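Working notes, beginning with the structure itself.
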Number of protein chains: 2
Amino acid sequence: MTARTQAESPRGIPEATVARLPLYLRALTLLSDEGTSTCSSEALAVAAGVNSAMLRKDLSHLGSYGTRGVGYDVEHLRYQIAREIGLTTDRNVVVVGLGNLGQALANYAGFRTRGFRVVALLDADERLHGTVVGGVAVRPVHDLERVVADLDVAIGVLALPASAAQEVADRLVAAGVTAILNFAPTVLSVPEGVEVRKVDLSTELQILAFHEQRRSPSYLADGEPVATGVGGREEVR
Amino acid sequence: MTARTQAESPRGIPEATVARLPLYLRALTLLSDEGTSTCSSEALAVAAGVNSAMLRKDLSHLGSYGTRGVGYDVEHLRYQIAREIGLTTDRNVVVVGLGNLGQALANYAGFRTRGFRVVALLDADERLHGTVVGGVAVRPVHDLERVVADLDVAIGVLALPASAAQEVADRLVAAGVTAILNFAPTVLSVPEGVEVRKVDLSTELQILAFHEQRRSPSYLADGEPVATGVGGREEVR
DNA sequence: TAGATTGTTAATCGATTAACAATC
DNA sequence: TAGATTGTTAATCGATTAACAATC
């Protein structure tokens, strides 16, 4: 019986490390494009915008892919990280909700080049049905279960009003999807084992507002200016 | 001389707490709309999707706004959090880059209802100049400095290709902007005192891919399927 | 007063960083 | 061999959680 302190399963990679692997991948791609074949942890750390000690620590969770005194082979490390993330196989994505944001996502070229295929678009508004966005026809949300099964969808992207998000998430989960990217400004509850990432645009602006406030001149001069309508309701559309 | 352990200035609120304040604000708005006038930390925590101990700890950084044995007054707490974040005053936002994502952001209703006014849109493509998106006319990026000064812009949103992001960020900073929301998939370097938040769509999908991979059947069966073109270059457009 | 719930303390946990022995 | 740089250990730091005294 070995005591295991960390939340590390056999293949346990800390969550914070996982979140940085894509940054390293991008930095390596950049270096590769520049024709760099070898790089030190220091150089890669700068390119990724992190501390080199952290980078080495992160990479140590994947294995020993560097050479002491030399550094890392750019192509090799890039492949190893891509494999670790699971990008050596393409993944199929369904986007639900084709308002402004959903359309932008459906058109986003960055997904394709990274191994994500938007294979289906769903929207509740029947006026959109049949229209083509980014080369894919919009279908009724009613088709969700069929689409997930037939097109082998691995990831669901929710770009719809907060009021509809939970129901669609439930259906995605029931259909077997275990990864959801949620742009709707609402808390989703999903069963254990389903991974949800949240992108919340107003939250980001609010965090910026907080910091911005702390350095504007008027902040020092106290003041609790009155205002209402703050924190209003919202949709992602 | 008092030793100060935490990275807490007089008004020091931990970064993790700041990032959750917008969630609490939203949850309170929801409760308020339902007609709830008082709530416990437990109820609010559930609505915000966090642990109630963490919620109370977070709120304790702002002050003592609850009543033991009773809970929190929804409206009062909502106001206090809004004030803390700095939402009692509207903030002006410029969006740079009006590709699909930029247009979606310019149209995003959630900003308005939260005290953010998109007052200017800039794009390098002159075919877009003069077109109106979300009620605001697109202007040349050349106007950046004038726009920031004349329209009192507090926050810059970058929705442009990675290759252009650093240059525009530099100009925003030089013009006095201290808060940037960056959708371009690149590391921005900015001087001390400037706050950058990053939203990276492919990174989010990659993190999901990692987790999704760990529970798909084929993962157990080893396998290092070969593939290339992974981690490619990208634009936000 | 008895029950409820906050605000805070202390314990735990995880993530970051510095430092350095291992080794190319 | 001397210089460079990794991978790892140990120290630090910050964030989360449990527990409970304070108090409505």
Side-chain angles (χ1 to χ4, degrees), chain A residues 3-9 11-21 23-24 27-28 31 36-74 76-78 80-81 84 207 210, chain B residues 3-9 11-21 23-24 27-28 31 36-74 76-78 80-81 84 207 210:
Chain A
R4 189 181 282 142
T5 315
Q6 296 284 77
E8 287 194 24
S9 13
R11 217 68 243 278
I13 299 181
E15 197 46 44
T17 297
V18 171
R20 282 186 295 264
L21 293 180
L23 300 185
Y24 302 152
L28 286 163
L31 289 171
T36 310
S37 62
T38 295
C39 72
S40 65
S41 63
E42 180 59 32
L44 182 54
V46 168
V50 303
N51 177 310
S52 71
M54 189 158 76
L55 170 72
R56 291 198 300 278
K57 179 98 206 194
D58 282 342
L59 294 184
S60 76
H61 292 291
L62 312 193
S64 273
Y65 298 126
T67 307
R68 289 168 203 239
V70 178
Y72 301 90
D73 179 277
V74 171
H76 182 63
L77 184 57
R78 186 165 79 104
Q80 293 299 338
I81 293 178
E84 192 69 42
I207 294 168
F210 173 87
Chain B
R4 190 179 284 142
T5 316
Q6 298 283 75
E8 287 194 24
S9 14
R11 219 61 241 279
I13 299 180
E15 198 46 44
T17 296
V18 171
R20 282 187 295 263
L21 292 180
L23 300 186
Y24 303 153
L28 286 163
L31 288 171
T36 310
S37 63
T38 296
C39 71
S40 66
S41 62
E42 181 59 33
L44 182 53
V46 168
V50 302
N51 176 312
S52 72
M54 188 158 74
L55 171 72
R56 289 197 301 277
K57 180 100 205 192
D58 282 341
L59 295 184
S60 76
H61 293 290
L62 312 194
S64 273
Y65 297 127
T67 306
R68 289 169 204 238
V70 177
Y72 301 90
D73 179 278
V74 171
H76 182 64
L77 184 57
R78 186 166 80 106
Q80 294 299 338
I81 292 177
E84 193 69 41
I207 295 169
F210 173 88

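To find a chain, count down the sequence lines: A is the first, B the second, and so on, and within it residues start at 1. Only a predicted model underlies this, so the values are computations on that prediction, with no experimental measurement involved.
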**Q.** Passing option when Gln80(B) is tested against Arg78(B), Glu84(B), His76(B) for side-chain contact (heavy atoms from CB on, under 4.5 Å)
**A.** His76(B)
(Q) Under the rule for side-chain contact (heavy atoms from CB on, under 4.5 Å), what residues qualify as partners of Ala45(B), not counting sequence neighbours? (A) Val50(B), Ser52(B), Leu55(B)
Q) Do the non-hydrogen side-chain atoms of Leu59(B) and Leu77(B) ever get within less than 4.5 Å of each other? A) yes
Q. Which dot-bracket notation, 5' to 3', represents the base pairing of DNA chain D when pairs are defined as Watson-Crick or G-U with both distances under 3.5 Å, crossing pairs as [ ], and inter-strand pairs as |?
A. ..||||||||||||||||||||||
Q | Thr38(B) OG1 to Leu44(B) CG distance, which is reported to the nearest 0.5 Å | A | 12.0 Å
Q: Could you check how far NE2 of His61(B) sits from C1' of dT6(C), rounded to whole Å?
A: 15 Å
Q) Can you name the side-chain contact (heavy atoms from CB on, under 4.5 Å) partners of Val46(B), sequence neighbours left out? A) Glu42(B)
Q) Counting just side-chain N and O atoms, does Tyr72(A) come under 4.0 Å of either OP1 or OP2 of dG7(D)? A) yes
Q | OH on Tyr72(B) to OG1 on Thr36(B), rounded to 0.5 Å | A | 16.0 Å
Report, one pair per line, the protein and nucleotides 20-24 of chain D atoms (nitrogen or oxygen only) whose separation is under 3.5 Å.
residue : atom : partner  : partner atom : Å
dA22(D) : N3   : Arg68(B) : NH1          : 2.9
dC24(D) : O4'  : Arg68(B) : O            : 3.4

**Q.** Nucleotide dT6(D), atom P - distance to CG of Leu77(A) in whole Å
**A.** 11 Å
(Q) Testing the basics here: between Ala43(A) and Cys39(A), what is the closest heavy-atom pair and its distance to 0.1 Å? (A) CB-CB, 4.4 Å
Q) Where along residues 37-54 of chain A does a heavy atom come under 4.0 Å from DNA chain D, residue by residue in number order? A) Ser40(A), Ser41(A)
Q: Starting from P on dT6(C), measure out to CD on Gln80(B) and report it in whole angstrom.
A: 17 Å
Q: Starting at atom NZ of Lys57(A), determine the distance to atom C1' of dA19(C), rounded to an integer number of angstrom.
A: 13 Å
**Q.** Residue list, side-chain contact (heavy atoms from CB on, under 4.5 Å) with Ala47(B), at least two apart or on another chain
**A.** Ala27(B)
Q. Roughly how many Å is it from CG in Asp58(B) to P in dG7(C), rounded to a whole number?
A. 12 Å
Q.
Whole angstroms only, please: what is the CG-P distance between Leu59(B) and dT8(C)?
A. 11 Å
Q.
Tell me the interatomic distance from Leu55(A), atom CG, to dG7(D), atom P, rounded to whole angstroms.
A. 10 Å
Q. Given the rule in the side chain to side chain contact (heavy atoms under 4.5 Å, CB included) test, do Leu21(B) and Leu62(B) qualify, once you have shown the distances and angles that lead to the verdict?
A. CA-CA 10 Å; Leu21(B) 292 180; Leu62(B) 312 194; 4.1 Å; yes
Q | Qualifying salt bridge (charged side-chain N to carboxylate O under 4.0 Å, His left out) pairs, either residue in residues 49-59 of chain A, two or more places apart | A | Arg20(A)-Asp58(A)
